[in-house]
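Here is the structure we will look at, set down as structure tokens.
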Amino acid sequence: MTANIRQLVLAGLGTALSACATRPAPPVEHYSLGMSRADYRDYKKAKADPCASSEPRWLADELTTVNGTMARFLRETENLSKLDAPDHAQQMAMMREATESLPPLMEVHRYTLNRLKECGFRNTGAFPEIARRGHELLTEVDARLEEGPKVLAEVALKNARRQWRAETPEREEAARRTWCPPNPQVGQPDLYYARQEVDGRKLWRFCDGHVVEQRAEGEPVLVQPDNLTSRMRRRIKPQSYLEAARDYPTAEMDRQPDSVSASGQGAAKKSSAPVGNGGPG
């Protein structure tokens with residue numbers, strides 16, 4: 001009888017010690033991304049064993065909701081690389097939000113899925129499909145998040161180029177006000193502005209209304225303003241305009257940005273722009 005009591009006591013102590021060794025399930029945490037919501041537990045942070053500290057049905061629900069959040073993120077950013085997609089602005093907003101908030105959740109999810117391999121119930125119910133789909137989604141989301149910064153840079157460059165085109169007339173007028181005298185004299189090749197177009201065409205503008213144009217594969221040509229009198233035409237020396245255009249620093253030409261940090265130069269710089277007779281010096 002005494003031996004039986006001793007065995008019962010030892011068994012009870014073993015059960016108690018086992019219970020103490022098993023940490024309780026960590027608290028439920030909440031995650032949101034756009035319209036998605038997910039409840040999950042961070043077993044890694046709590047140093048808890050998901051196999052022993054969580055009910056299998058709870059664990060299945062948690063893993064399924066995180067899988068659903070990642071799947072929805074992929075659907076709602078599937079046209080991210082199509083900059084002209086109608087909802088591209090919304091997709092970019094989703095990507096910006098996910099870039100900051102999704103990786104920590106993915107790290108928790110990856111840890112739990114890896115620990116699931118040690119659970120006795122890993123091959124029961126929906127767990128095999130949940131685990132397979134979870135690892136698949138983690139790989140796909142990693143790739144999408146890696147794509148995000150590249151697309152963000154492309155969008156920024158596209159917007160910078162749109163702004164460059166919209167502000168071109170303003171830059172040109174500002175250059176004219178800066179470098180041209182109040183009453184420009186026809187025949188004086190005072191160059192105040194130069195631009196390279198997207199198609200490679202170049203133009204150089206002069207205070208007296210003359211323009212030198214050069215096609216991408218052509219030679220510079222002088223274009224005279226309308227309504228010049230015969231007397232005015234006699235004062236014009238075409239070669240002087242062509243030389244002023246030729247000597248203008250290519251690096252200072254107004255051109256669309258090549259990157260988000262680049263910008264058009266806009267106006268001729270007084271320190272380095274070539275000048276004609278009587279021009280700014």
Side-chain angles (χ1 to χ4, degrees), residues 29-40 42 60-113 126 129-174 195-203 215-217 253-266:
E29 299 188 38
H30 308 285
Y31 175 80
S32 63
L33 177 64
M35 299 300 293
S36 294
R37 302 290 184 272
D39 293 338
Y40 68 98
D42 191 343
D61 288 344
E62 294 164 16
L63 296 175
T64 299
T65 58
V66 176
N67 280 354
T69 295
M70 292 192 297
R72 184 166 182 171
F73 164 72
L74 290 171
R75 288 195 305 272
E76 294 185 354
T77 56
E78 62 183 354
N79 291 323
L80 190 70
S81 61
K82 300 178 181 177
L83 303 189
D84 295 325
D87 62 342
H88 195 263
Q90 292 88 335
Q91 296 202 29
M92 291 305 300
M94 173 69 70
M95 174 57 72
R96 291 188 183 94
E97 182 180 353
T99 298
E100 297 294 329
S101 67
L102 198 50
L105 175 66
M106 293 170 63
E107 187 62 27
V108 170
H109 196 52
R110 185 177 286 109
Y111 173 84
T112 305
L113 288 174
E129 176 59 20
I130 291 173
R132 184 201 67 79
R133 182 61 173 151
H135 287 295
E136 179 182 74
L137 287 167
L138 284 169
T139 299
E140 294 178 3
V141 173
D142 276 334
R144 184 65 51 81
L145 290 175
E146 185 176 343
E147 178 187 3
K150 300 175 185 177
V151 177
L152 287 169
E154 290 177 11
V155 171
L157 180 57
K158 180 182 178 181
N159 291 337
R161 287 177 170 176
R162 183 187 296 116
Q163 182 178 1
W164 176 82
R165 288 192 297 271
E167 295 177 352
T168 293
E170 180 181 342
R171 291 193 304 275
E172 186 173 325
E173 176 59 21
R195 180 171 72 246
Q196 181 172 330
E197 301 286 4
V198 177
D199 60 4
R201 183 169 61 95
K202 299 177 182 178
L203 61 84
R215 299 290 176 178
E217 302 298 332
M253 296 191 77
D254 186 13
R255 60 170 60 85
Q256 76 170 6
D258 294 325
S259 66
V260 291
S261 61
S263 61
Q265 298 298 322

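Sequential numbering from 1 along the given sequence is applied to the chain's residues.
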When rounded to the nearest 0.5 Å, the distance separating CE of Met94 from CZ of Arg75 is 10.5 Å
Would you give the length of the straight line joining atom CZ of Arg110 to atom NE2 of His135, rounded to the nearest 0.5 angstrom?
9.0 Å
Could you tell me the separation between the CD atom of Glu140 and the CE atom of Met70, rounded to the nearest 0.5 Å?
9.0 Å
Side-chain donor or acceptor of Arg37 paired with backbone N/O of Gly34 under 3.5 Å
yes
Heavy atoms, side chains only, cut-off 4.5 Å: are Asp254 and Glu167 in contact?
no
Nearest-0.5 Å distance that lies between atom CD in Gln163 and atom CD in Gln256
13.0 Å
Val141 and its side-chain contact (heavy atoms from CB on, under 4.5 Å) partner, picked from Thr139, Leu138, Leu145:
Leu145
Verdict with reasoning, Glu154 to Leu80, per side-chain contact (heavy atoms from CB on, under 4.5 Å):
CA-CA 11 Å; Glu154 290 177 11; Leu80 190 70; over 6 Å; no
With sequence neighbours excluded, residues passing side-chain contact (heavy atoms from CB on, under 4.5 Å) with Arg132:
Glu129, Glu136
Going by heavy atoms in the side chains, are Val155 and Met92 under 4.5 Å from each other?
yes
Show the nearest heavy-atom pair for residues Gln90 and Pro86, with the distance to one decimal.
OE1-O, 4.3 Å
Side chains of Thr168 and Arg171: donor-acceptor distance under 3.5 Å anywhere?
yes
Looking at Thr69 and Ala38, what are the two nearest heavy atoms and their distance?
OG1-CB, 3.4 Å
Roughly how far, to the nearest 0.5 Å, is CD of Glu107 from OG1 of Thr112?
10.0 Å
Donor-acceptor under 3.5 Å (Arg133 side chain, Asn67 main chain):
no
Is the backbone of Asn79 close enough, under 3.5 Å, to the side chain of Gln91 for a donor and an acceptor to pair up by distance?
yes
Nearest heavy atoms of Gly134 and His109, plus distance in Å
CA-NE2, 4.3 Å
Go through the side-chain N and O atoms of Glu29 and Tyr40 and say whether any donor and acceptor fall under 3.5 Å apart.
yes
Provide the closest heavy-atom pair for Pro103 versus Ala98 in the form atom of the first, atom of the second, distance.
CD-O, 3.3 Å
CE of Met95 to OG1 of Thr77, rounded to nearest 0.5 Å, is 5.0 Å
May I ask you to test the Ser36-Phe73 pair for a side-chain heavy-atom distance under 4.5 Å?
no
Is any side-chain heavy atom of Asp142 less than 4.5 Å from a side-chain heavy atom of Met106?
yes
Residues pairing under salt bridge (Lys or Arg N to Asp or Glu O under 4.0 Å) where one sits in residues 85-98, two or more places apart or in two chains, turn out to be none
